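Inspection log for the structure reproduced underneath, given as structure tokens.
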Number of protein chains: 2
Amino acid sequence: MAEAPTRTPRERYRTQVRAEVKERAWEQIATAGAPALSLNAIAKQMGMSGPALYRYFASRDDLMTELIKDAYRSLADTFASASKPGADLAVMAHALREWALDDPQRYLLIYGTPVPGYHAPDDVTEIAAEIMAILLDACAALPLTPSPGGPATTSHEPLSGGPATPPDGPPATSFEAHLEGHREWAAGHPATPAVLHRALVVWTRLHGVLSLELAGHFTGMEFDPALLYAAELDDLLAR
Amino acid sequence: MAEAPTRTPRERYRTQVRAEVKERAWEQIATAGAPALSLNAIAKQMGMSGPALYRYFASRDDLMTELIKDAYRSLADTFASASKPGADLAVMAHALREWALDDPQRYLLIYGTPVPGYHAPDDVTEIAAEIMAILLDACAALPLTPSPGGPATTSHEPLSGGPATPPDGPPATSFEAHLEGHREWAAGHPATPAVLHRALVVWTRLHGVLSLELAGHFTGMEFDPALLYAAELDDLLAR
DNA sequence: GATCCTTAGTTAGAGGCTATCACGAACGTT
DNA sequence: AACGTTCGTGATAGCCTCTAACTAAGGATC
């Protein structure tokens with residue numbers, strides 16, 4: 001979305017064309033899915049013929065990765081602005097859902113089926129890290145009150161957070177112990193293993209509900225996905 | 001996978017060719033993704049030219065939906081055989097993960113990005129219902145021991161299961177109350193709202209971890225997804 | 001066994017797509 | 001005014017899906 005500051009009228013025109021191409025691309029993706037995206041069709045829509053667009057995008061894949069980057073950027077921005085005031089995880093989760101429902105295919109472009117060998121370019125993983133940092137902040141700011149964590153009945157380990165394990169205490173579960181030794185992905189962020197665990201769980205659980213909802217796996221069922229999402233969020237905030 | 005019992009040698013040959021086509025299709029999907037599936041390429045691989053395969057599959061989409069159905073069938077079968085003895089949810093979850101990792105694109109064909117307007121045919125939704133029934137059985141058989149559910153500190157509602165709400169008691173959370181009025185999707189299954197909720201949560205949480213892992217979103221991070229999956233499963237079994 | 005019908009496979013072809021190339025036209029700069 | 005850069009064109013090659021007409025082979029029937 002954010003192009004370089006246009007100077008000459010030529011650059012101005014160029015960026016304007018690129019933006020229009022992307023716009024039409026998003027329309028195509030929203031209505032027919034990413035695989036149906038066609039540079040050719042976009043060119044015809046814009047009144048020019050076929051190969052003209054190759055002056056603006058090196059290839060179809062090039063356009064795709066740029067769209068993916070824009071999607072990440074958009075997500076990071078909405079995430080950032082939702083966490084502005086007090087880093088409330090609840091409003092972030094709500095913003096995430098709004099953003100996803102606003103354009104399901106955009107969400108799925110990021111979190112849906114990838115092409116098997118795909119490896120995201122560096123600038124994209126940077127934005128992903130930016131998103132993760134925001135999530136970590138929000139999880140670190142979370143009041144890790146005791147709440148559940150009664151005496152563990154079996155070998156089952158509750159998510160840490162009980163009275164015996166304050167937020168900055170030692171890892172309370174084996175996975176958090178594992179995280180203590182594998183936290184390079186959160187390097188630069190002063191988060192305890194419990195916070196890392198919390199962030200991962202927030203991510204996977206919200207994505208789990210959202211993904212199935214967007215893919216239409218709840219359509220036959222009559223319950224309201226929003227309530228399931230809210231229940232999961234509630235459970236995440238309760239512990 | 002399960003073709004009709006072949007009688008005449010002609011039918012025999014026909015089903016054999018169809019099976020080989022599907023096999024090659026799965027190879028293509030596994031290596032290049034579903035959008036790259038090409039009837040033409042498969043035909044050439046099999047030594048015949050172009051349109052020959054249209055005698056066996058009405059269209060590319062026809063082949064695709066049949067592959068999707070087979071994927072569902074395969075998942076339902078592994079699920080069923082994993083729940084045979086005592087319907088242990090843990091072994092089912094493990095079987096699910098094994099099945100998914102065995103062919104990520106097959107999993108993603110079911111649970112990944114769909115084409116926007118897609119509506120699954122009836123025989124597919126039937127298999128999906130079959131899978132859900134197995135999951136519901138397993139969740140109903142779960143020992144819903146008290147465990148967490150201490151005094152709810154805020155307005156947050158724990159997943160029901162505390163001493164005050166036995167498995168067959170009244171709904172303990174607002175979402176479960178909602179489910180009580182929207183349980184047509186589990187019609188024919190004598191499950192309490194708490195069990196329905198549990199089934200949905202098992203589904204979404206395991207899918208959340210699995211989906212992100214298969215899509216490669218954990219690759220940059222050094223932790224072991226298997227342990228996160230195990231931790232989530234543990235948490236599901238603990239309550 | 002000869003006939004006939006069904007099925008399997010062929011080539012040809014329309015129309016879509018990505019992508020490259022060579023050419024002409026417009027533009028801004030010098 | 002002349003020049004080099006940039007933009008758009010048509011032509012072309014090579015994929016793809018899918019239809020149509022034709023041929024060859026298989027099985028059933030008389």
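Side-chain atoms are counted along with the backbone in the values below, which use heavy atoms only and exclude waters and symmetry mates. Here the structure is a predicted model, which means the values were calculated and not measured. Below, read A as the first sequence line, B as the second, and so on, with proteins coming before strands; counting in each chain starts at 1.
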Short question: side chain of [X], backbone of [Y] - any donor-acceptor pair under 3.5 Å?
{"X": "B:Gln28", "Y": "B:Ser38", "answer": "yes"}
{"X": "A:Arg60", "Y": "A:Leu37", "answer": "yes"}
{"X": "A:His217", "Y": "A:Ser211", "answer": "no"}
{"X": "A:Thr113", "Y": "B:Thr113", "answer": "yes"}
{"X": "B:Arg106", "Y": "B:Ala30", "answer": "no"}

Practice problem: Let me know which of B:Leu214, B:Leu233, B:Leu228 forms a side-chain contact (heavy atoms from CB on, under 4.5 Å) with B:Val209. | Solution: B:Leu228
Quiz item: If only side-chain N and O atoms of A:Tyr13 are considered, is one of them under 4.0 Å from the OP1 or OP2 phosphate oxygen of D:dG8?
Solution: yes
Quiz item: For C:dC17, does either OP1 or OP2 sit under 4.0 Å from a side-chain N or O belonging to A:Arg60?
Solution: no
Practice problem: For B:Met92 and B:Ala138, work out which heavy atoms get closest and say how close. | Solution: SD-CB, 3.6 Å
Quiz item: Which heavy atom in B:Tyr54 sits nearest to a heavy atom in B:Ser59, and how many Å separate them?
Solution: CE2-CA, 4.1 Å
Quiz item: What nucleic acid atoms does A:Phe57 come within less than 4.0 Å of, heavy atoms only: base, sugar-phosphate, or nothing?
Solution: nothing
Nearest whole Å is fine: how far is [N] [atom2] from [X] [atom1]?
{"X": "A:Leu39", "N": "D:dG8", "atom1": "CG", "atom2": "P", "result": "14 Å"}
{"X": "A:Ile42", "N": "D:dG8", "atom1": "CD1", "atom2": "P", "result": "15 Å"}
{"X": "A:Leu53", "N": "C:dT18", "atom1": "CG", "atom2": "P", "result": "9 Å"}
{"X": "A:Glu11", "N": "D:dT5", "atom1": "CD", "atom2": "C1'", "result": "13 Å"}
{"X": "A:Asp61", "N": "C:dT18", "atom1": "CG", "atom2": "P", "result": "11 Å"}
{"X": "A:Met64", "N": "C:dC17", "atom1": "CE", "atom2": "P", "result": "16 Å"}
{"X": "A:Leu63", "N": "C:dA19", "atom1": "CG", "atom2": "P", "result": "10 Å"}
{"X": "A:Asp62", "N": "C:dT18", "atom1": "CG", "atom2": "P", "result": "13 Å"}

Practice problem: May I ask you to list the residues of residues 113-121 of chain B, by number, that have any heavy atom positioned under 4.0 Å from an atom of DNA chain D? | Solution: none
Quiz item: Should the pair B:Trp203 and B:Tyr111 be assigned to parallel (<30°), tilted (30 to 60°) or perpendicular (>60°) ring geometry?
Solution: perpendicular
Quiz item: Hey, is A:Lys69 close enough to A:Glu126 for a salt bridge, meaning N to O under 4.0 Å?
Solution: no
Quiz item: Would you call B:Glu11 and B:Arg18 a salt bridge, using N to O less than 4.0 angstrom?
Solution: no
Quiz item: Would the number of heavy atoms belonging to other residues, nucleotides or ligands and lying under 6.0 Å from NE2 of A:His94 be above 12?
Solution: no
Exercise. Could you work out which one of C:dT18, C:dA8, D:dT17 sits closest to the side chain of B:Tyr56?
Key: C:dA8
For nucleotides 9-15 of chain D, tabulate all protein N/O to nucleotide N/O atom pairs closer than 3.5 Å, reporting atom names and distance.
unit_1, atom_1, unit_2, atom_2, d
D:dT9, OP2, A:Ser49, N, 2.9

Look for any protein N or O under 3.5 Å of an N or O in nucleotides 23-27 of chain D and output each such pair with its distance, or none.
none

